[in-house]
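For reference, the structure is listed below as structure tokens.
Since we're looking at a predicted model, the values are computed, not measured. Note that ligands are numbered from 1 as they come in the structure, with each ligand's atoms numbered from 1 the same way.
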Amino acid sequence: MIRKLLRRVFRRNGTPSAVAPAVVPAERHRIHREHVSRAALRVCDTLQQAGHRAYVVGGAVRDLIAGIVPKDFDVATDATPEQVRALFRRSRIIGRRFQIVHVMFGPETIEVSTFRAAHNEDTVKDEHGRVLRDNVWGSIEEDAARRDFTVNALYYDPATQTVLDYHHGVADLQQKVLRMIGEPRTRYREDPVRMLRAVRLSAKLGLALDPAVKNPIREMAELMENVPAARLFDEMLKLLFSGHAVECLKRLRDEGLHHGLLPLLDVILEQPMGEKFVLLALANTDARVRAGKPTSPGFLFATLLWHEVLANWEARKAKKELATPALYSAMDEVLDIQGEKLAITRRIAGDIKEIWALQPRFEKRSGKFPYRLLEQPRFRAAYDFLLLRAASGETSQELADWWTEFQDADPERREAMQVADTSPKKPRRRRTQSRKEAESTGEAAQ
Ligand code: ATP
Ligand code: MG
């Protein structure tokens, strides 16, 4: 009897369960209804009209309270996926195990999930305690308890403009602390990716890690090895495109979350030659993300691996391989090795190669060469890449400035700008050959 009572009051991990949520009024959470996407408001309204509970949830509520524009809006409800699907004409059920519904409104997609149950003895885990399957629907209290951090377990009701706060997330957000729901070690064992999420969210929101969240990371970091590569890759992409990549990397390093655990991070941090270049590239990506400009994984990965390509290319040229074929072999070799390790998809690999293959062509500034380069569909990305190379000192600033001017110059100025090939004089036969070579680079990169 007493055990039963205790179990009701205390969750399995020993923390008191929040029985009733705090109902936080608008003057405390300060979310303006106008800042919530119209699509999310419509979804909540339609579900509520049909007699269901429905809330904007998770990252969006957290970001709105923190004064950040949310990336996307998720809704949580007690309606089943079929019930949700039936209410919205443009919607579809996705996922096999735990089904969620995508509801489309114009360009916006709202992800609607049914409240999920907490883990229990029946949850399927691997030998390290990592949760492999959880597909049971539950109550809103359970849904809140299975989320990772207190600031992520907030439910905004647009109808009453109140926030349901089960784990003191609003106060934590206002006091700028990232606190785990439940016992951090257990939660990391269930899903080691939460260590990466802790670092990313603390950097993004400017929160300090609660010592209980921070302390176990160093010793538990190796659990990351059991996480499937594709999931790690997705999580690293989120980190790199969070708009706070430089800060995230610094924090990952401080927490001891790097060597050998995250192949991508090793690539970034273990580049004696290219570190400046990589940091510039990440800072540049951060600035673009924050300014709402487009970014692409292809471009970023091209920067992360460029110095490896350069080293490989140099080694080949030293062995008297011809420059252009040597570059292509270097690109292939680096992508073969890193592509597999990092789980880079084929499409991204294609984008990366296009950017690399155009680099030597920036050296050719006479005759038809520069005009042809301008017509390349990937010119813009390749040019942005050149700017970073120049800023890091790997190529000359004069070359970058030349291209900055050339692309916008009028035809007369462009003619006047032609620069004779300044590469060291070579014997006649070699020169003919290198010109052919340059042509073939042009063909190959089309
Ligand atoms: P972002 O700003 O990148 O979108 P987010 O916190 O919204 O950050 P999502 O991956 O969109 O991250 O997840 C949405 C919500 O799902 C989170 O706010 C959190 O409540 C919950 N969640 C996500 N990943 C986990 C996890 N590994 N463990 C527990 N809860 C999670
Ligand atoms: Mg999100």
Identify the protein heavy atom lying closest to atom 12 (O) of ligand 1, giving its residue, its atom name and the separation to 0.1 Å. Arg197 NH1, 3.2 Å
For atom 20 (O) of ligand 1, find the nearest protein heavy atom and state the residue, atom name and distance (0.1 Å precision). Arg147 NH1, 3.0 Å
Output the list of atoms in ligand 1 that are nearer than 4.0 Å to some heavy atom of Arg146, sorted by atom number. 29 (C), 30 (N)
Within 4.0 Å of some non-hydrogen atom of Lys71, the atoms of ligand 1 are 1 (P), 2 (O), 3 (O), 4 (O)
Going by the order shown, which atoms of ligand 1 are within less than 4.0 Å of some heavy atom of Arg194? 26 (C), 27 (N), 28 (N), 29 (C)
Within residues 279-297 or reaching into it, pairs that qualify as side chain to side chain donor-acceptor pair (under 3.5 Å) - sequence neighbours excluded: His244-Arg290
Name the closest protein heavy atom to atom 19 (C) of ligand 1, giving the residue it belongs to and the distance to 0.1 Å. Asp148 OD1, 3.6 Å
Look at the side chain of His32 and the backbone N and O of Glu34, then say whether any donor-acceptor pair between them is shorter than 3.5 Å. no
Under 6.0 Å between ring centres: does that hold for Phe379 and Phe406? no
Backbone N or O of Leu310 within a donor-acceptor pair of the Glu314 side chain at under 3.5 Å? no
Quick one: nearest non-hydrogen protein atom to atom 27 (N) of ligand 1, plus distance? Asp191 OD2, 2.7 Å
Just by distance, with hydrogens left out, do Glu394 and Ser392 show a side-chain donor and acceptor under 3.5 Å apart? no
